[in-house]
Amino acid sequence: MVCGGALLLPMGATFAAAQEASSGDKVDLGALTEIKNEAFNRSQVMENLFFISEVYGPRVNNSRNHRAAAEWAMKQLKEWGLTNVHLEKWGPFGDGWQIKKYYGALESPAYASLIGFPLAWTPGTNGPVTAEAVLAPLHSQEDFAKYKGKLKGKIVLIFDPRELALHTEAEAHRLTDEEVAARTKTPDPSQTGFFPRRPGAATPRPGEYTPATLSTAAPTGRVLRNQVNAFLKEEGVAVALTPGYNGDGGTVFASYGGSQDPKDPVGPPMAAITPEQYNRICRLIEHGMTPKLTFDIETEYQKDDQMGFNVIGEIPGTSKADEVVMVGGHFDSWQGGTGATDNGTGSAVAMEAVRILAALHKPMARTVRVALWGGEEQGLYGSLAYVQRHFAPRDTMKKTPEYDKLDVYLNDDSGSGKFRAVSALGNAQLAAIFESWIAPIKDLGIDSAVGLTAGPQREPGGTDSTSFSWIGLNGVGFMQDPLEYGTRTHHSNMDLYDRVQKGDVMQGAMIEAWFAYNAATRAEMLPRIETPGPVEKK
């Protein structure tokens, strides 16, 4: 997940009860019992996650791991009886990349193994490199002249030391009922965004180069990365180091260092290390010492096939097979961990949801389609391309025949946490329907909600459901318990299988299957948000 989400607002209890009778659905409790039984007594969600994260993680987009994971997922979907299972290419992405080897150490004045990992799309060292460490913070292009001619053959710390604070609260958190209620109350309508900003560096000023800038997919961040990489390469830097943009205590948050675009400058090898160790090296330098470091980094660029792809599979509908209900999450990840919570859980839940439905052999009028998106971490590339190809290009909003046949897309991309609420995109009718679906499963911890503002997403961002709502389709996400997502696992070296809570993802898969089943079997398609007008391409 990149970041972001939809604002949520609860239906009042009295209003919800009144609306349920007139606007909600009469649900099939027999089907619910079967779905629960399959989801809780024969669950395969953690087995899915094992292969996605433990066997094939990490899955940097278009890397060999990512492609191998996609082949596994397609094989699994076919074994469960899904049809039309295929890789759907969405256009040129660029090089794949993954780590083959990482070793880092402080050699003098005393040995210490350095916790960290290479930054994506940066090269290896071509064997062990031992060199002096130099502190040369690069805040902007204006700093280049200060260090020109002084960095050749050095291991360069390119950011200031990070000031660390004592942790006085638990890293993990489950939302209380009161917090869920507070988060789903109407906030100031002039404010936008739902998820709080994750802890980390302050927002950089225009033109400032920070660890946060290094890890952004925004065009400004890419320009700054290219400028810094070209300068460091020209100066002959042996290795560049960063403390990561968030985390401490052995947890390192980092992603980009270079670019998947082969036309962009390739800098020197780059790695992020835990800030305590980064700061130690800085202090040694500031005290007039000359610490020596060793790095041995091997990375692999996948250049054989530069086309991005999504994984697609279907459970065919019966009487309304041309109408489609979709579930999904992004399949790519960053390289620090194995991509377990971002977004192995969302992919495993989506796969488990369609497995549950396929295992029941209950006829559903509409087709249920699963999509495992590529390129989400770089800017929602896979889902944006898919919705504009299949449904409507945003610049013209000229609808394809498929546009009016897409009922809803259900997205999971907020880590391992239990589903606690669902967005209804500000549509009161949709909220009332969701209320009726949730009523018999409230004991699982989920409450109903509607989005604050009706209408399409103003721009896509944060996660793949916004690619749908951006063109006026029902792209729906779930609010989840945050757990350790922002404090430990998101884009970090601790994004690992053991941080996933089994009961939570079992609950999420069951709810996603239940929502998809209800959407696929109800008499009419779900009510829609408004269709936006065309916008000019930027």
Side-chain angles (χ1 to χ4, degrees), residues 1-3 53 56-69 92-102 104 115-125 158-159 200 209-219 221-226 228-230 232-233 239-247 251-273 295 297-303 306 308 330-340 342-344 373-382 489-496:
M1 180 182 187
V2 180
C3 63
S53 67
Y56 298 111
R59 304 169 306 284
V60 175
N61 196 66
N62 214 18
S63 65
R64 298 196 192 282
N65 279 8
H66 182 213
R67 289 182 168 274
F93 171 76
D95 296 337
W97 179 96
Q98 66 190 47
I99 301 168
K100 300 291 287 183
K101 180 180 182 180
Y102 168 81
I115 300 169
F117 54 89
L119 300 187
W121 289 288
T122 62
T125 56
I158 61 174
F159 295 115
Y209 192 62
T210 70
T213 310
L214 185 71
S215 297
T216 182
R222 178 175 176 178
V223 169
L224 288 169
R225 278 199 310 273
N226 285 347
V228 170
N229 282 341
L232 295 175
K233 186 69 172 179
V239 179
L241 293 186
T242 166
Y245 63 85
N246 190 15
T251 301
V252 183
F253 290 68
S255 54
Y256 280 97
S259 169
Q260 73 269 15
D261 189 337
K263 298 189 295 293
D264 285 343
V266 178
M270 282 187 172
I273 63 174
F295 283 92
I297 298 170
E298 184 181 352
T299 65
E300 178 187 63
Y301 286 77
Q302 189 283 115
K303 296 177 177 287
Q306 297 189 337
H330 73 86
F331 206 46
D332 62 314
S333 81
W334 285 119
Q335 75 280 12
T338 60
D342 188 23
N343 187 32
W373 308 112
E376 191 269 357
E377 295 292 4
Q378 292 74 40
L380 314 183
Y381 289 161
T489 66
H490 180 260
H491 298 180
S492 85
N493 58 331
M494 291 295 121
D495 189 2
L496 304 169

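Keep in mind that the numbers below use all heavy atoms, side chains included, and drop hydrogens, waters and symmetry copies.
Inter-residue side-chain proximity for Y381 and W373 is flagged as unmet; no heavy-atom pair is nearer than 4.5 Å. Using a 4.5 Å cut-off on side-chain heavy atoms (C-beta onward), V228 and L214 make no contact.
Between the N61 side chain and the H66 main chain, no donor and acceptor come within less than 3.5 Å of each other. Checked by atom type and distance alone, the side chain of D332 pairs as donor or acceptor with a backbone atom of E376 at under 3.5 Å. Under a 3.5 Å cut-off, the side chain of T125 and the backbone N or O of P269 do not form any donor-acceptor pair. With S215 contributing its side chain and A254 its backbone, the two residues share no donor-acceptor pair below 3.5 Å. In this structure, the side chain of R59 engages the main chain of T338 through a donor-acceptor pair within 3.5 Å. Without hydrogens or angle criteria, N229 side chain to G257 main chain gives a donor-acceptor distance under 3.5 Å.
By the side-chain hydrogen bond (donor to acceptor under 3.5 Å, both in side chains) test, N65 pairs with Q98, sequence neighbours left out.
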Chi angles and distances behind the side chain to side chain contact (heavy atoms under 4.5 Å, CB included) call for N62, R67: CA-CA 6 Å; N62 214 18; R67 289 182 168 274; 2.8 Å; yes
Worked verdict on L232 versus M270 for side chain to side chain contact (heavy atoms under 4.5 Å, CB included): CA-CA 10 Å; L232 295 175; M270 282 187 172; 3.8 Å; yes
Working for side chain to side chain contact (heavy atoms under 4.5 Å, CB included), residues T251 and N493: CA-CA 6 Å; T251 301; N493 58 331; 3.9 Å; yes
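Taking the six-membered ring for Trp and thresholds of 30 and 60 degrees, W121 and F93 have ring planes inclined between 30 and 60 degrees apart.
In plain terms, the two heavy atoms of W97 and T122 that are nearest each other are NE1-O, 3.0 Å. The two residues G337 and L496 come nearest to each other via the heavy atoms CA-CD2, 3.9 Å. Nearest heavy atoms, I297 versus P123: CG2-O, 4.3 Å. Residue Y102 comes nearest to G116 through the heavy atom pair CE2-O, 3.4 Å, listed as atom of the first residue, atom of the second, then distance. Between G244 and V252, the shortest heavy-atom contact is CA-CG1, 4.4 Å. Considering every non-hydrogen atom in both P268 and A240, the closest pair reads CG-CB, 4.3 Å.
The closest side-chain donor-acceptor pair between T213 and T210 falls under 3.5 angstrom. In summary, the side chains of D95 and Q306 do present a donor paired with an acceptor at a separation below 3.5 Å, with no hydrogens or angles considered.
Salt bridge status for R225 with D264: absent, with no side-chain N to carboxylate O gap under 4.0 Å.
Taken to the nearest 0.5 Å, the CZ atom of F117 stands 7.0 Å off from the OG atom of S492. Note that the OG atom of S255 and the CD atom of Q335 stand 7.0 Å from one another [nearest 0.5 Å]. For the atom pair OH (Y245) and CZ (F159), the distance works out to 13.0 Å, reported to the nearest 0.5 Å. One finds the OH atom of Y301 at 11.0 Å from the CD atom of Q260 (value rounded to the nearest 0.5 Å). For the atom pair Q378 CD and R222 CZ, the distance stands at 11.0 Å (nearest 0.5 Å).
Checked against the 6.0 Å centroid threshold, W334 and Y256 count as a close aromatic pair.
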